[in-house]
Protein chains: 2
Amino acid sequence: MARKSTAVDPLRLDNQICFAVYSATHAFNRVYKPLLDRLGLTYPQYLVMLVLWERDDVPVKEIGEKLFLDSGTLTPLLKRLEAAHLVRRTRSREDERQVLIALTPQGHALKEKARSVPQSILAASECSVSELVAMKDEIVALRDRLNAVIGE
Amino acid sequence: MARKSTAVDPLRLDNQICFAVYSATHAFNRVYKPLLDRLGLTYPQYLVMLVLWERDDVPVKEIGEKLFLDSGTLTPLLKRLEAAHLVRRTRSREDERQVLIALTPQGHALKEKARSVPQSILAASECSVSELVAMKDEIVALRDRLNAVIGE
DNA sequence: TCACATTTAATTGTTCGCAATTGAATGTGG
DNA sequence: CCACATTCAATTGCGAACAATTAAATGTGA
């Protein structure tokens with residue numbers, strides 16, 4: 001037959017890795033939702049808290065570099081975390097342009113309640129740790145190549 | 001030493017596959033942006049057009065099932081596509097609850113301009129087709145397991 | 001047939017995500 | 001020292017994404 005096989009049609013939705021990644025992001029979000037509701041966090045807020053639990057008193061810029069987000073996203077998000085008494089925002093004294101983000105005691109304490117989250121996600125993925133690590137490394141490598149092209 | 005290795009700390013940002021997927025989604029978006037700007041589409045609008053280029057005159061519900069999106073997202077998006085004269089929205093005569101989405105001639109014609117997009121993405125990924133297909137299949141399988149847990 | 005449940009889109013309100021701009025602080029070259 | 005560029009956060013505006021609700025059409029059982 002003369003028709004092009006749908007299996008290799010480059011415009012077919014099911015053939016697009018970007019849609020696989022896009023829809024997997026939403027699937028993760030839906031699994032995280034009930035877990036993070038108990039912590040009073042959204043998923044992007046949870047990511048910011050992961051950064052802060054690793055290192056505290058960090059400028060907005062640095063959070064943005066780690067999460068690939070800009071101030072247009074982070075400023076209002078951080079204000080909501082401040083309103084929830086999880087972080088404090090203070091101008092740096094050495095460089096008044098920077099705003100430093102520090103955890104409050106409640107912010108630190110929330111880490112303990114968060115410890116069970118990764119395990120629940122692992123269970124939901126029905127996947128071995130080694131498989132997930134391998135996939136993660138492949139996806140990160142792809143992401144970094146894509147990001148490199150943007151800077152070109 | 002007594003400290004837990006950071007390599008296996010489950011709360012470490014870099015160890016989370018969800019963040020790999022989340023950040024890869026944004027990286028894809030940034031690569032798509034200049035390509036889709038030329039078509040006058042956003043990325044979610046492009047996904048809807050992919051669905052319609054495969055099969056036309058489809059109820060909103062069906063688009064939502066294919067893209068894992070609900071009417072709260074699709075209704076305003078489809079109204080914007082209608083305002084751009086790419087689709088028409090008409091109530092089904094057999095079932096007045098359904099709204100059928102059909103391509104306009106301009107909507108059909110846009111497919112030709114879109115044909116170069118997948119190739120540009122492939123180039124940006126700096127990856128062989130077979131590698132991408134393998135990754136895509138893994139990610140889809142993970143997504144489907146996650147979605148299955150949500151319905152539990 | 002009729003009360004009731006279900007299905008389907010639309011609507012409302014909140015939170016991301018980003019482009020573009022603004023304004024203040026800092027750095028740099030002459 | 002001073003004009004100028006750069007850096008950083010905040011702001012504005014728009015388009016998703018989703019929970020929760022609403023309203024209309026359809027389906028179902030007694």
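No hydrogens, no waters, no symmetry mates; every other heavy atom, side chains included, goes into these values. Each chain gets a letter, A, B and so on, in the order its sequence line appears, and its residues count up from 1.
- Listed pair A/Tyr22 / D/dA16 fails the phosphate criterion, with no side-chain N or O lying under 4.0 Å from OP1 or OP2.
- No donor-acceptor distance shorter than 3.5 angstrom exists from the side chain of A/Trp53 to the backbone of B/Arg12, with no hydrogens or angles considered.
- Note: A/Phe28 and A/Tyr43 fail the aromatic proximity criterion, with ring centroids not under 6.0 Å apart.
- Note on B/Glu62 versus B/Arg55: salt bridge recorded, some NZ/NE/NH1/NH2 to OD/OE distance being below 4.0 Å.
- The neighbour count for A/His108 NE2, taken as heavy atoms of other residues, nucleotides or ligands under 6.0 Å away, is above 12.
- Between A/Tyr32 and A/Tyr46, the two ring planes are tilted [angle within 30° to 60°].
- Of the residues in residues 72-100 of chain A, those lying under 4.0 Å from DNA chain D by heavy-atom distance are A/Gly72, A/Thr75, A/Lys79, A/Arg89, A/Arg91, A/Arg97, A/Gln98, A/Val99.
- The interatomic distance linking B/Glu65 (CD) with C/dA9 (P) rounds to 9 Å, in whole Å.
- Here the P atom of nucleotide D/dT21 and the CG atom of B/Asp70 are 15 Å apart, to the nearest Å.
- Residue A/Ser71 has no polar side-chain atom (N or O) positioned under 4.0 Å from OP1 or OP2 of D/dT11.
- Rounding to the nearest 0.5 Å gives a distance of 12.5 Å between CG of A/Leu81 and CD of A/Gln106.
- Note: CG (A/Leu47) to P (C/dT15) measures 17 Å, nearest angstrom.
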